[in-house]
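These numbers come from the heavy atoms of this one structure, side chains and all, not from hydrogens, waters or symmetry mates. Model, not experiment: these values are computed from the prediction. In what follows, chains are A, B, ... by sequence order, proteins preceding strands, each numbered from 1.
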Protein chains: 2
Amino acid sequence: MPRSSNPKPRRTKAEQRAESREQILDGAEYLFSQRGLYGVTLKDVAQQVGVHASLLHYYFDDKRGLFEAVVDRRASVTTDRRMEAMDDYELQAGDSVTVEGALHAFLDTDLDLYLNGSEGLRNYAAMGSQIANTVEGGEVFNEHFDRVVLRLIDLLKKAMPDAADEDIFWGYHFVNAGLMATVARTRRIDRLSGGLCRLDDYTAVQARMAPFMAAGFIAICQERALARASETVAAGD
Amino acid sequence: MPRSSNPKPRRTKAEQRAESREQILDGAEYLFSQRGLYGVTLKDVAQQVGVHASLLHYYFDDKRGLFEAVVDRRASVTTDRRMEAMDDYELQAGDSVTVEGALHAFLDTDLDLYLNGSEGLRNYAAMGSQIANTVEGGEVFNEHFDRVVLRLIDLLKKAMPDAADEDIFWGYHFVNAGLMATVARTRRIDRLSGGLCRLDDYTAVQARMAPFMAAGFIAICQERALARASETVAAGD
DNA sequence: ATTATCTATAGATCTATAGATAATGC
DNA sequence: ATTATCTATAGATCTATAGATAATGC
């Protein structure tokens, strides 16, 4: 029942190729976001798209090739946008980079993309949050994300020059967790809150996430800095 | 190579049954934590444990039965412990419940259990964090966790009587995300930090998580409370 | 006599490939 | 003539079941 039944409009082969690839990637992205990598068979994807299963092999060789193509299609687009947002912020903030500002730059681009973006982008994000937690699948994503993370950490160090690296990394751990859980869109928060919160209410998330995380950062970085200071005093040097 | 080759010590049938069940559950728990629900076949589990695949059907009927048995074995134990910890805290704190205190009660029991506990418990937690993000698998867990969550929210409302429910739920969303990401134990933070942070360093996590999240809560609850107040003033009533 | 475990196997499903057919491109 | 798509099928793997065998329990 997918598969348009109206007579195909004339297309060049290149167009046809591109369109078929895109449709297959869309279908795979959607199914992977629902059931993870192993929960989806090539046949499922073919059925979802409305093409024959062997066509997936024609375009993507094998299952791993298909998965990597799904990631490659989006990864550079989204990471580029985030890098840009952080570059812009740094330029604009000059010497007065703040934790909250850096986090807004880091988070809001992604939240906007994944909560307000196309259905494909939303599926991609949900897929990522599910697979990034995986031992194997995680690697495919992390190689794309590492540079974005290190850029954020760089900004955070500027905003908190006295903080210990350790504390900044721990803070990042919590930030990333919140981001992943949000774009996963499992709607648990919707259910728990009885509809009071809606996970894809971008404005609500955007208004709370950076401030929440910024306060957390400042708390642990200051607290630990004080603890270190008093240890030094107690040690007598 | 699993499967002890030394002559079996004499055991009663009930003991044998219990031991076989446990071993199968351990193996399944481990494999599910590594590759998720769909990434593991019954044959994989049988091989891991060193028994014949058909034995899994004998004990657990089918794959879903096995999965549910894995969850059932741990779920009530861990949720009971957490409920107890929160009850104890409330009793001890009396009228002066704090956000950080409530979060310590909520988080540290779990962190202790899952970072310091037996290998089985650690696997269980990693499995949960991976599967809770899933559309299907999530349900199995959430039905156990809901009461723990609502208990925490109850405590948080006591600590912040002026906060909007909405803000408390959003804060919880971030807390839970951090907890899940921590017990998932993918070691991404270890890699990113170049070994500076270790995800299973219980003391490090315990010292930072509740303070981080508490500061976040207070930030968004106060900020939003102020915003509501000024809206009211602006509206003139 | 009952229960735990293993053997054998049916039937379904999955990945992957070879080769046929249908459409576009010169 | 080249490329996109489909048909047919091999071979592997998976779940599940029936029935045989080995061990424990009276």
Side-chain angles (χ1 to χ4, degrees), chain A residues 1-28 30-32 34-70 136-137, chain B residues 1-28 30-32 34-70 136-137:
Chain A
M1 40 232 72
R3 177 69 161 182
S4 73
S5 53
N6 41 1
K8 292 171 194 164
R10 290 288 153 221
R11 294 172 302 183
T12 158
K13 281 194 178 180
E15 281 169 358
Q16 198 171 344
R17 177 178 196 87
E19 193 179 317
S20 287
R21 266 187 64 105
E22 290 295 303
Q23 284 185 346
I24 293 169
L25 290 177
D26 286 345
Y30 167 72
L31 290 175
F32 286 150
Q34 294 292 307
R35 308 172 39 126
L37 211 48
Y38 301 109
V40 177
T41 70
L42 294 175
K43 202 172 189 175
D44 293 336
V45 176
Q47 211 166 335
Q48 169 78 17
V49 180
V51 299
H52 201 274
S54 59
L55 201 61
L56 311 197
H57 290 107
Y58 173 66
Y59 280 113
F60 303 103
D61 283 5
D62 55 18
K63 195 174 177 180
R64 174 148 191 113
L66 174 60
F67 170 62
E68 286 177 358
V70 169
E136 306 190 40
Chain B
M1 44 216 86
R3 178 70 162 183
S4 74
S5 52
N6 39 1
K8 293 170 193 166
R10 292 287 154 222
R11 294 172 302 183
T12 159
K13 281 195 179 182
E15 282 169 357
Q16 198 171 342
R17 178 179 196 85
E19 191 179 318
S20 288
R21 266 187 62 103
E22 290 296 304
Q23 284 184 346
I24 294 169
L25 291 177
D26 287 345
Y30 168 71
L31 289 176
F32 286 150
Q34 294 291 308
R35 306 174 40 124
L37 211 48
Y38 301 109
V40 177
T41 70
L42 294 176
K43 201 171 188 176
D44 292 337
V45 176
Q47 210 166 336
Q48 168 78 17
V49 179
V51 299
H52 201 275
S54 60
L55 200 61
L56 311 197
H57 290 107
Y58 173 67
Y59 280 113
F60 304 102
D61 283 6
D62 55 17
K63 194 174 177 180
R64 174 147 192 114
L66 174 59
F67 170 61
E68 285 176 359
V70 169
E136 306 189 39

What residues, two or more places apart in sequence or in another chain, satisfy side chain to side chain contact (heavy atoms under 4.5 Å, CB included) together with Glu68(B)?
Arg64(B)
Nearest whole angstrom, please: distance from the C1' of dC6(D) to the OH of Tyr59(A).
13 Å
Taking His57(B)'s backbone N and O only, do any of them form a donor-acceptor pair with Lys63(B)'s side chain (distance below 3.5 Å, no angle check)?
no
Stems formed with participation of DNA chain C [Watson-Crick or G-U wobble, under 3.5 Å, three or more pairs]:
C:1-24 with D:1-24
For Ala69(A), check side chain to side chain contact (heavy atoms under 4.5 Å, CB included) against everything at least two apart and list the hits.
Arg21(A), Leu25(A), Phe60(A)
Using side chain to side chain contact (heavy atoms under 4.5 Å, CB included) as the criterion, list what pairs up with Leu37(B), not counting sequence neighbours.
Phe32(B), Phe67(B), Ile131(B)
If you assign each of Ala14(B) and Arg17(A) to its closest nucleotide in DNA chain D, which residue comes earlier from the 5' end?
Arg17(A)
Rounded distance (Å) that lies between atom P of dA20(C) and atom CG of Leu55(A)
19 Å
N/O contacts under 3.5 Å, protein versus nucleotides 12-18 of chain D?
residue	atom	partner	partner atom	Å
dT15(D)	OP2	Leu42(B)	N	2.9
dA16(D)	OP2	His57(B)	NE2	3.3

For the side chain of Asp44(B) and the backbone of Thr41(B), is there at least one donor-acceptor N/O pair under 3.5 Å apart?
yes
Provide, to the nearest angstrom, the distance between the CD atom belonging to Glu19(A) and the C1' atom belonging to dA23(C).
15 Å
Spacing between Glu15(B) atom CD and dA23(D) atom C1', to the nearest angstrom:
14 Å
Whole angstroms only, please: what is the NZ-C1' distance between Lys13(A) and dT2(D)?
5 Å
Is the closest side-chain heavy-atom distance between Leu66(B) and Asp62(B) below 4.5 Å?
no
Hits for side-chain hydrogen bond (donor to acceptor under 3.5 Å, both in side chains) against Ser20(B), two or more places apart or cross-chain, chain-then-number order -> none
Tell me: CZ of Phe60(B) to C1' of dT5(C), nearest whole Å?
14 Å
Can you sort out the partners of Tyr58(B) under side chain to side chain contact (heavy atoms under 4.5 Å, CB included), two or more places apart, ordered by chain and number?
Arg17(B), Leu55(B)
